[in-house]
Amino acid sequence: MHFSIPSRSADQTTLPGSPSFKAKSRASSHRTGYAPSFFARLRSLILHPAPPLQSSTTPEKKRQSTRRTTVSVLVIAVFAVVAIFFTIMYVLFANIATLDPIGPRVVLVLGLDNTKYKDDYLAKIVENRKEYADAHGYGLYVRYVSDFKNLVHDVTKQGWQKLPLMRSAMQANPGSTYFWYLDQNAIIMNPNLDIESHITDVKRLNSLVLRDVPVVPPDSTIRTYRHVPADRMKFIIAQDHEGFQTGSFILKNEEYSWYVLDAWFDKLYQEYKFQKDEKGALEHLAQWHPTVLSKMAIIPQRIFNAYPNGVGESMYQDGDFVASLSGCDTPERSCLREFERLWDNRGRVVN
């Protein structure tokens, strides 16, 4: 919108006191000379007094002042409307991922390795996840981990591939609240437990969080915070006797989680060659970046990542939620054998 301010009228250019007025006065005096006498001029002024100088100009000044005021008000109004418009657009669309009501509230994320495992084995894993997701109205996001091999620095380190997989799941389900990554070599043994009441409910989570414990057991200098409320925690994970177990973790769909995935997957960390690969990278982040640790909840391992061959508090017991075969893909063990033993003893959904 274009606004124009009216130009000065011709009368304004000859107002008393202006250069042009003075020039005209001098020119007139030069042509006609001086009045015959002082008294004659005085008599003329008394008999025919001149009107006040401002009387002919005041209305015009008022009109110009009114115009300028009107223009200023219009300009301010336009800027106010534009500011309100962009504020509304920001509120509506800045966090569109969390405002989108479409999508399941929880999404299970599963990466399958079809290069080392047969289809019938993988089909059972998908069946286990689908049965659970259907029972609770959750979503299920399944991809081959090989789909992400071009994104990782070392394709032989498959642990890194779960990070772009998790990010892909979150991008595909922007309206969902929680994303639960569970490794391929794990079975949901008690499908009647739902994620919310078992883990993510604020009161429940507050009772589970391990406070003032070493981030990396047994004696890490950095310890978990004592007083962070559960409603601020966006990253839920367990640890065993060695440290974080990234085979099972939950992220809340918020900006913090996107930041963690980006920082965790940074190429610098991948090239650094941590002894425990992506686990070591996460431990580094949690210990030296308070932003990460301040919203992380470390919970007991048996809550959602128990080991059938574990010891002490980590050992799987009947009725536990998940049995994880972490480390089964070694020459000394067999994921297939261990899986089959658990498969036949898993719980079923109670309608």
Side-chain angles (χ1 to χ4, degrees), residues 95 97-111 125-142 162 165-183 186-211 224-225 228-239 244-258 260-261 294-306 313 316-324 346-351:
N95 296 309
T98 58
L99 294 176
D100 185 356
I102 301 175
R105 60 190 184 279
V106 177
V107 175
L108 277 66
V109 182
L110 172 62
I125 297 171
V126 174
E127 177 187 345
N128 178 245
R129 304 295 196 273
K130 188 175 186 305
E131 178 185 33
Y132 178 74
D134 290 345
H136 299 283
Y138 298 158
L140 175 59
Y141 187 82
V142 183
K162 69 185 67 174
L165 167 64
M166 194 70 163
R167 186 180 180 89
S168 179
M170 295 173 71
Q171 289 175 329
N173 299 273
S176 298
T177 304
Y178 290 101
F179 291 81
W180 177 26
Y181 174 83
L182 183 61
D183 260 350
I187 302 177
I188 298 174
M189 299 295 291
N190 187 351
N192 296 297
L193 296 174
D194 65 90
I195 293 294
E196 292 97 333
S197 62
H198 185 56
I199 300 176
T200 61
D201 174 77
V202 173
K203 290 183 178 180
R204 169 65 171 169
L205 183 58
N206 196 58
S207 69
L208 295 174
V209 174
L210 301 178
R211 302 182 183 275
T224 58
Y225 293 106
V228 176
D231 59 358
R232 287 185 54 191
M233 297 176 176
K234 319 298 181 184
F235 189 169
I236 305 172
I237 195 168
Q239 60 181 192
F244 287 141
Q245 282 306 303
T246 59
S248 179
F249 63 89
I250 296 172
L251 285 176
K252 191 172 185 180
N253 189 13
E254 293 189 6
E255 185 177 351
Y256 162 86
S257 298
W258 292 90
V260 168
L261 289 175
S294 65
K295 296 184 179 180
M296 178 181 285
I298 300 178
I299 64 176
Q301 187 179 348
R302 281 184 51 204
I303 296 299
F304 72 153
N305 198 28
E313 293 297 323
Y316 171 79
Q317 298 179 21
D318 289 342
D320 283 347
F321 188 23
V322 172
S324 175
R346 76 189 191 282
R348 307 309 295 268
V349 174
V350 176
N351 294 324

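Since the model is a prediction, treat every value here as computed from it, not as a measurement. Residue numbers run from 1 in the order of the sequence given.
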Practice task
Kindly determine whether K234 and V260 satisfy side-chain contact (heavy atoms from CB on, under 4.5 Å), including the steps that lead there.
Solution key: CA-CA 10 Å; K234 319 298 181 184; V260 168; over 6 Å; no
Requested in this report: Using the side-chain contact (heavy atoms from CB on, under 4.5 Å) rule, take Y132 and L140 through it: C-alpha gap first, then chi angles, then the decisive distance, then the call.
Outcome: CA-CA 9 Å; Y132 178 74; L140 175 59; over 6 Å; no
(Q) Checking F244 against I298 for the side-chain contact (heavy atoms from CB on, under 4.5 Å) test, could you report, in this order, the C-alpha distance in whole Å, the side-chain angles of both residues, the deciding distance, and whether it holds? (A) CA-CA 9 Å; F244 287 141; I298 300 178; 3.5 Å; yes
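Once rounded to the nearest 0.5 Å, the distance linking CZ of F179 with CD1 of I195 reads 13.0 Å. Distance NE2/H136 to CZ/R105: 9.0 Å, rounded to 0.5 Å. Rounded to the nearest 0.5 angstrom, T200 OG1 and I250 CD1 are separated by 6.5 Å. The distance from atom CD1 of I303 to atom CD1 of I237, rounded to the nearest 0.5 Å, is 14.5 Å. Rounded to the nearest 0.5 angstrom, I299 CD1 and Q239 CD are separated by 11.0 Å. With rounding to the nearest 0.5 angstrom, the OG atom of S294 is 9.5 Å from the CE atom of M296.
Within 6.0 Å of CG on D318 lie no more than 12 heavy atoms contributed by other residues, nucleotides or ligands. Shown here is E313, whose CD atom has no more than 12 heavy atoms of other residues, nucleotides or ligands within 6.0 Å.
N190 places no side-chain N or O within 3.5 Å of a backbone atom of V322 that could act as its donor or acceptor partner. Panel note: side chain D320, backbone R302; no donor-acceptor pair is recorded below 3.5 Å.
Residues V109 and L165 have side chains in contact (heavy-atom distance under 4.5 Å, counting atoms from C-beta outward).
Minimum interatomic distance between D194 and Y138 (heavy atoms only, all atoms of both residues): CB-OH, 3.3 Å. I188 approaches R346 most closely through the heavy-atom pair O-CB, 4.5 Å. Taking all atoms of both residues into account, the shortest heavy-atom contact from R129 to D183 is NH2-O, 2.6 Å. Closest of all the heavy-atom pairs between F304 and I236 is CZ-O, 3.9 Å. S176 and N253 get closest at one heavy-atom pair: O-ND2, 3.1 Å. Contact detail for G137 and P104: the closest heavy-atom pair is O-CB, 3.8 Å.
Using cut-offs of 30° and 60° for the angle between ring planes, the H198 and F321 rings count as perpendicular.
A donor-acceptor contact under 3.5 angstrom links the side chains of N305 and S324, judged on distance only. N206 and R211 share a side-chain donor-acceptor pair at under 3.5 Å.
Checked against Y256 for a side chain to side chain contact (heavy atoms under 4.5 Å, CB included), the options K295, R232, M233 give a single hit: K295.
Checked against the 6.0 Å centroid criterion, the rings of Y181 and F249 qualify as a close aromatic pair.
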